[in-house]
Amino acid sequence: MIKRAMKISAMMAAVIAVAAFVAVPIAEAAGKYPKSIRIAAGKRIAGKMVNVGLNRSLVVELGEDATDVLVASPTIADAVIKSSRRVYILGVAAGQSSVTIFGRGGRQIASFEISVEPDTSDLKHMLRSLLPNSAINVAAVNGSVVLSGTAANPLDAKQAADIAGKFVGDAEKVVNMIGSKGSQQVHLKVVIAEVQRNVTKQLGVDIAAAINRGTFAASAISANPFGVVGSPLTDTVVAAGRTAADLNFSAAFRALQQEGFIKLLAEPTLTAISGESAAFLVGGEFPIPVGRDDNTISIEFKQFGVGLDFTPVVMSGGRISLKVKTEVSELTSDNSFTLSGGNASASLSIPGLTVRRADTVVELPSGGSMVLAGLIKDDIRQVVNGVPGLLQLPILGALFKSRDFQRSQSELVVFVTPYLVDPVATSKLQRPDQNLEFSADATAYFLNRVNRVYRFPGSAEDVAGYRGSFGFFFE
């Protein structure tokens, strides 16, 4: 009985082996790119689509001997026979081909339609491990890689495209169709504040004396210029003199001071989609000549004023990578240039520009602020003119010299605050001109009101009375 049981077990094992090889015509590895295909004896496969990875191989196990293999395009896919029952199909280049395997007597065992594409399984595994919060699909089409699915934020989508470009070896062969679940609109509020203070002081004495006695005449003049500004601030002077028959003496004393204060405040705001740039300019343009042809002068316009240019990229955790470039420029005569023509009336004066510019890349949370400070300028110029030797005299030397002093101080501070924003309904927006209506003639004449003032009946303002500044414009 023991021998019989052993025979039955051997027979069952043989039946199981035959069933595994014969009952299932093809058994291939799971996935888009199979590693092996097995064809049972006596079975025939025709026109089966098979994907082979680029520079990868596919093993075809046969249940009977193969005598010949036909490859339609060996430059795309090649076939190598190591034994009569094993065929290796190699992916040589991206494209499509076909492979046909023949058995004894010219009988066709199998025919495959081969599609050779880059094996993206490694890339897909890499994206899943590096970007676990994103669901990104990878597909290969004619040598290119197509990315689809959803990313947690636009930064993950960009990083996935960069990784795929390194994987393929050419970023142009990556088609990025990844959507983003996070907010992609960034609202940027910028406050540009600048304070300038200018102080100019001038102190000088001009002396003129003339002597006439008989046939002898002599004169002395000491008129010292102001070397910084170039001319006196005003014509106001304190003069004294004495005139006699043979003596004429006069002295003019100038003591002038000028102080100036300038405040510049601009609050530009912009909204842009993540990864895109937005620009803003408040100012103007002035012409500059760039060429001349016969009697025609070609000009171009150069911008000046308060400008803002920024590019936001939304990152994970609600953080925003921000590239900000801001500029404050104004026209000035300090660096001006005059282009003279054939006559005085044909001269052309081109103004100069004073520019304060800041360009940086930072990372901020939504609602966080950054300050660009330290743009401080302190310019001091002082010139002393006088008569050599005499201006060195103590006390009396002040009568023979002039002093011109000028100091210019400026400080520029830029506040940058980005926000993640969503669109709102039109009904929730308020225009500056909404409910604006001009007052009647009697109200304008007697109450000095140029526009009507509204109160809503029953509101808290109507009961208690509102005090303070309100609206878009107030004084």
Side-chain angles (χ1 to χ4, degrees), residues 20-128 136-149 160-161 163-177:
F21 191 78
V22 178
V24 182
I26 296 182
E28 55 186 72
K32 181 179 178 181
Y33 302 95
K35 301 299 182 182
S36 63
I37 294 178
R38 177 173 296 177
I39 303 176
K43 299 299 180 180
R44 179 177 177 271
I45 303 302
K48 179 176 178 59
M49 290 293 302
V50 178
N51 295 315
V52 179
L54 182 62
N55 299 324
R56 301 294 176 90
S57 63
L58 170 66
V59 180
V60 180
E61 300 284 354
L62 303 175
E64 57 183 286
D65 295 339
T67 59
D68 194 9
V69 177
L70 175 63
V71 180
S73 180
T75 58
I76 303 297
D78 199 3
V80 178
I81 301 177
K82 290 294 185 179
S83 65
S84 60
R85 295 197 177 189
R86 179 174 294 173
V87 179
Y88 297 91
I89 300 177
L90 308 177
V92 180
Q96 288 75 36
S97 182
S98 62
V99 176
T100 305
I101 304 174
F102 298 93
R104 296 184 182 278
R107 177 178 174 270
Q108 180 176 318
I109 300 176
S111 63
F112 301 101
E113 297 296 331
I114 306 297
S115 177
V116 180
E117 299 290 349
D119 190 350
T120 58
S121 57
D122 293 342
L123 175 60
K124 189 173 183 179
H125 177 73
M126 185 183 302
L127 294 178
R128 286 181 178 178
I136 300 176
N137 301 320
V138 182
V141 177
N142 197 22
S144 299
V145 173
V146 180
L147 303 179
S148 61
I163 295 172
K166 298 296 183 180
F167 178 83
V168 178
D170 186 0
E172 297 294 332
K173 293 185 178 181
V174 178
V175 181
N176 190 356
M177 299 179 62

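A side chain to side chain donor-acceptor pair (under 3.5 Å) check over residues 87-101, counting only residues at least two apart or in different chains, returns nothing. Applying the salt bridge (Lys or Arg N to Asp or Glu O under 4.0 Å) rule to pairs touching residues 91-106 yields D65-R104, sequence neighbours excluded.
Interatomic distance, I81 CD1 to I101 CD1, rounded to the nearest 0.5 Å: 7.5 Å. Atom CZ of R38 and atom CG of L62 lie 11.0 Å apart (nearest 0.5 Å).
In this structure, V92 and V116 approach most closely via the heavy-atom pair N-CG1, 4.3 Å. Nearest heavy atoms, T120 versus A140: CG2-CB, 4.0 Å. The two residues G149 and N137 have their closest heavy-atom pair at CA-ND2, 4.3 Å. Closest heavy-atom contact between V146 and M177: CG1-SD, 3.9 Å. Of all heavy-atom pairs spanning L54 and A93, the tightest one is CD1-CA, 3.5 Å. A160 and I136 get closest at one heavy-atom pair: CB-CD1, 3.6 Å.
Proximity of L123 to I163: side-chain heavy atoms (C-beta onward) are separated by under 4.5 Å at one or more points.
A donor-acceptor distance shorter than 3.5 angstrom exists from the side chain of S111 to the backbone of G47, with no hydrogens or angles considered.
The side chain to side chain contact (heavy atoms under 4.5 Å, CB included) test applied to D170 returns E172, K173, not counting sequence neighbours. Every residue two or more places apart in sequence or in another chain was checked for a side-chain hydrogen bond (donor to acceptor under 3.5 Å, both in side chains) with R128, and none qualifies. Residues meeting the side chain to side chain contact (heavy atoms under 4.5 Å, CB included) test with A110, sequence neighbours left out: I39, I45, F112.
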Which donor-acceptor pairs under 3.5 Å do the side chains of residues 66-77 make with protein atoms, sequence neighbours left out?
{"unit_1": "T67", "atom_1": "OG1", "unit_2": "F102", "atom_2": "O", "d": "3.4"}
{"unit_1": "T67", "atom_1": "OG1", "unit_2": "G103", "atom_2": "O", "d": "2.8"}
{"unit_1": "S73", "atom_1": "OG", "unit_2": "T75", "atom_2": "OG1", "d": "3.3"}

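Under the salt bridge (charged side-chain N to carboxylate O under 4.0 Å, His left out) rule, E64 has a single partner from R44, R107, K43, R85, which is R107.
Contact check on K48 versus E113 returns no salt bridge, with no Lys/Arg side-chain nitrogen under 4.0 Å from an Asp/Glu carboxylate oxygen.
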